[in-house]
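Ligands are counted one by one from 1 in listed order, and the atoms in each one are counted from 1 as well.
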Amino acid sequence: MRPLLSLGVLWLLPLASIMVDHSPLDCAPRRSVPYHSKCCHLSCFREEGVFNYSTMLLREDLDLLVLGAREAVYALDLNNISKKLASVKWEVTRQQITDCKNKGKDPEMDCKNYIRTLHKMKDNRMYVCGTNAFDPVCDYMSYADGTLSLEKKGEDGKGKCPFDPFQRYASIMVDDNLYSATSMNFLGSEPIMLRSSRVPIRTEFKSSWLNEPNFVSMAQMSESEKSQEGDDDKVYLFFSETAVEYDCYNKLVVSRVARVCKGDLGGLRTLQKKWTSFLKARLDCPVLEPQLPYIIQDAYRWCDPQQQWKDCLFYAIFTPQLDTLKLSAVCAYRVSDISRVFAEGKYKSPVTVETSFVKWVMHSGDIPVPRPGACINNQARKLGITQTLDLPDRTLQFIKDKPLMDQAIQPIGEKPLLVRRGATFTGIVVNQVQAADGEKHHVMFIGTAEGTVLKAVNYDGEMFIIEEIQVFQPPKPIKILKTSNVKGQLYAGSDYGAAQIPLATCERSLSCADCVLARDPYCGWDKVVGKCITVLSKLNDFIFCFRELIQSVKGGDASLCPDADPVTPMNRSVWLGAKLNLSCPSPSNLAKTIWELDNRPLSTSARLQLLQDGLIIFNALNTDAGLYRCLSVEHSKTATYTTTVAKYQVRVAQAGSGKSGGTVSPRVHDGPSVVGLQVVVGLLVVSFFALVAWNVYKGHLPLPCTPRPALAEDKPLVSGRDGGSGNNNHTRGEAAVSVAEENEPEVNLPSLQFIDDESEI
Ligand SMILES: *[C@@H]1O[C@H](CO)[C@@H](O)[C@H](O)[C@H]1NC(C)=O
Ligand SMILES: *[C@@H]1O[C@H](CO)[C@@H](O)[C@H](O)[C@H]1NC(C)=O
Ligand SMILES: *[C@@H]1O[C@H](CO)[C@@H](O)[C@H](O)[C@H]1NC(C)=O
Ligand SMILES: *[C@@H]1O[C@H](CO)[C@@H](O)[C@H](O)[C@H]1NC(C)=O
């Protein structure tokens, strides 16, 4: 404990100093897209009374999104997931609930069937597993003639699917063999990585193999393809676990990548029916150094179909060990780097020091042949070893004791591709898009616990978040993300529903400058149609082939844009002494908004409040009249761009002047129904007089009286005289307004006027 404390302090001190200069550690999204954004057809799916939509299988062959929820599986239209094509219920029986409850589990939460595994089989059926009230079970499912049906085979799901719906797990189907990483027992205390083949192969139950792990994801790599060493295909597993190698820490969690060989059949005597090829290494994502290691939460395998496996990448998301600083990060790893550490790296070896204390150090002794953990390759075959059952005991004993590599795996560039403060990343998928100039970019779609999806790119080391989209309302943590290249869509699942978002959402940019400054590789400005359109349609549609798209993803160079159409000023009027609200919705969070009145810059003052998305004038004076212009100033890598967002021609109406027809008639609010307001005010006036009459009758009020307006709502329609000297007393924002309202002098009833339209002017 003592070393823990002192080291902890040592590690946290530099952190404090680093946090002072908060330079590249936070990348803010350029655009925030709220849930009710009109643009871009967010389709949703949820069914009343059904929760936990957290398992997905894309069946592009059937045009289906198969969605696993609690006690139900749905087949949704991949083009529009709002369209449910079929569904099947898979509920637990009353007896199962009773059994589960008797074991001390919550009948409402734990004792249900949470669908956890959905994979496609070679014969087009699907393999599906559920937690089944803490008694996992698997089944086969097919989709035919518009119905989903379960075969009710009731296969044992132990080791394939977790007992506990809250426990993390991972699985993948390779050649109809299910590889799963989960817990083997009811208590969730026996972790396992299992291949459910004819002869099942599993991990050794030993803390040096898996130590209180949290499984995150699995991926397959076809490493046998064109392999000169005659290597085998591999299955990779990403997880975090309590480290064994840091002796000075109590429960320090580290991120890991492990891998096994597809052809592994276990050993003959040692490691019988166990992996002989299970090797693992620490996975680093250095966000703030020195710091406690970051913890992996999801990983995504990205491969270019035109290239070989060595060029594949793993994108992984990380969150901090201590959630005091809310930073999340993305790191990317080359599969070839990981593969090399396993194939050539040194091993760690446990050494007993001072009788009981075990320290893990680099193994410097002999390494048996064939190399422990290696797949059966040409070298082994030369020695007459054609399957893992032939491996010598020395090799097997070595791997049984030392599955951990000495070297940690570093990300590409030895630093994160993206860091975001204030968000907790929960999932990632990556899509490659060819920009207008032909260069390919990897776009990361990252789900957060805050219910948003980030669309981000790293341009030659520069982090850039194109947008942050709120996917669920109310915000709910994203539990799963999938992407379909064929459909160009992203699918997200949460406890309360699933949603679908197009990968390209260019229509959100209304101007060329915004389209180019968004630096979205999916989008470019088409000068001919004057729209921000997707580069994908340009590739698919030959009509577009001859058109130039304006795009500058690396530099954000908007100077190529044609001059924007002049903004027509909007007319606004305000009563002398009243408040006016002018809006200026900047398309970018990275832009600064500036306001000008008759070409002179404005700054915040007692009566002027400059907001990020607007301007408020309190207590309007005659001098406030004029042409207001709101400008958005955005710095890109190449230059600074200033665009006019809005213009307002503001008039200040004199009190009482309304009587003489020809003058300006203020209309502060574009209310939905001015007629309705008129009726309300009319009624208020009537009831006001009734009240006065009653008061006078009761003798509460002396005659003659000076009636005061009863309701503030009247104000926009009532022409009141300004309190004159009263203004001098009020100096600050809202307070000034409310006091001004209090000081509203007598209502000049004859001057009450209702104006329907600006055109009356
Ligand atoms: C998806 O389908 C729903 C209902 O069938 C429909 O209301 C919605 O407009 C569709 N969305 C898109 C993007 O086509
Ligand atoms: C299932 O969804 C409910 C929301 O209704 C949530 O409270 C619960 O934590 C979820 N369970 C799991 C296992 O995610
Ligand atoms: C503003 O008012 C002027 C005349 O006062 C008129 O010519 C113009 O069309 C109005 N603009 C708008 C946007 O209504
Ligand atoms: C100003 O108007 C905008 C839109 O009309 C509104 O969203 C905002 O809340 C208003 N601000 C104030 C302070 O009234």
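The distance from ligand 1 to the heavy atoms of K83 drops below 4.0 Å at these ligand atoms: 2 (O), 5 (O). Below 4.0 Å from some heavy atom of P165 lie the following atoms of ligand 2, by number and element: 13 (C). Of all atoms in ligand 1, listed by their number and element, those nearer than 4.0 Å to a heavy atom of S43 are 11 (N), 13 (C). Those atoms of ligand 2 that come under 4.0 Å of a heavy atom in Y496, given as number and element, are 4 (C), 5 (O). Ligand 3 places these atoms under 4.0 Å from at least one heavy atom of P569: 13 (C). Every atom of ligand 2 with a heavy atom of K479 under 4.0 Å away is listed here by number and element: 14 (O).
The protein heavy-atom contact nearest to atom 11 (N) of ligand 2 is N52 ND2, 2.8 Å. Nearest protein neighbour of atom 7 (O) of ligand 2, counting heavy atoms only, is M109 CE, 3.6 Å. In this structure, atom 6 (C) of ligand 2 lies nearest to the protein heavy atom D495 OD2, 3.6 Å. Counting protein heavy atoms only, atom 5 (O) of ligand 2 is closest to F51 CD2, 3.3 Å.
A salt bridge is absent between K487 and E60; no separation between the charged side-chain nitrogens and carboxylate oxygens falls under 4.0 Å. Salt bridge absent: E91 and K112 never bring a charged side-chain N and a carboxylate O closer than 4.0 Å. Using a 4.0 Å cut-off between charged side-chain N and carboxylate O, D514 and R508 make no salt bridge.
In terms of polar-atom proximity, defined here as any N/O pair under 3.5 Å, S82 makes no such contact with ligand 1.
Ring orientation note: the planes of Y522 and F445 are tilted relative to one another, at an angle of 30° to 60°.
Looking at F166, F186, Y114 one by one, the single match for ring-ring contact (aromatic ring centres under 6.0 Å, His included) with F134 turns out to be F186.
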Would E241 and V253 satisfy side chain to side chain contact (heavy atoms under 4.5 Å, CB included), going step by step from the backbone distance to the final call?
-> CA-CA 5 Å; E241 66 172 349; V253 178; 6.0 Å; no
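Atom NZ of K101 is surrounded by 12 or fewer heavy atoms from other residues, nucleotides or ligands within 6.0 Å.
Pairing of C523 with C515 by a disulfide is not supported, the SG atoms lying 2.5 Å or further apart.
Not close to ligand 3: K647, with no non-hydrogen atom less than 4.0 angstrom away.
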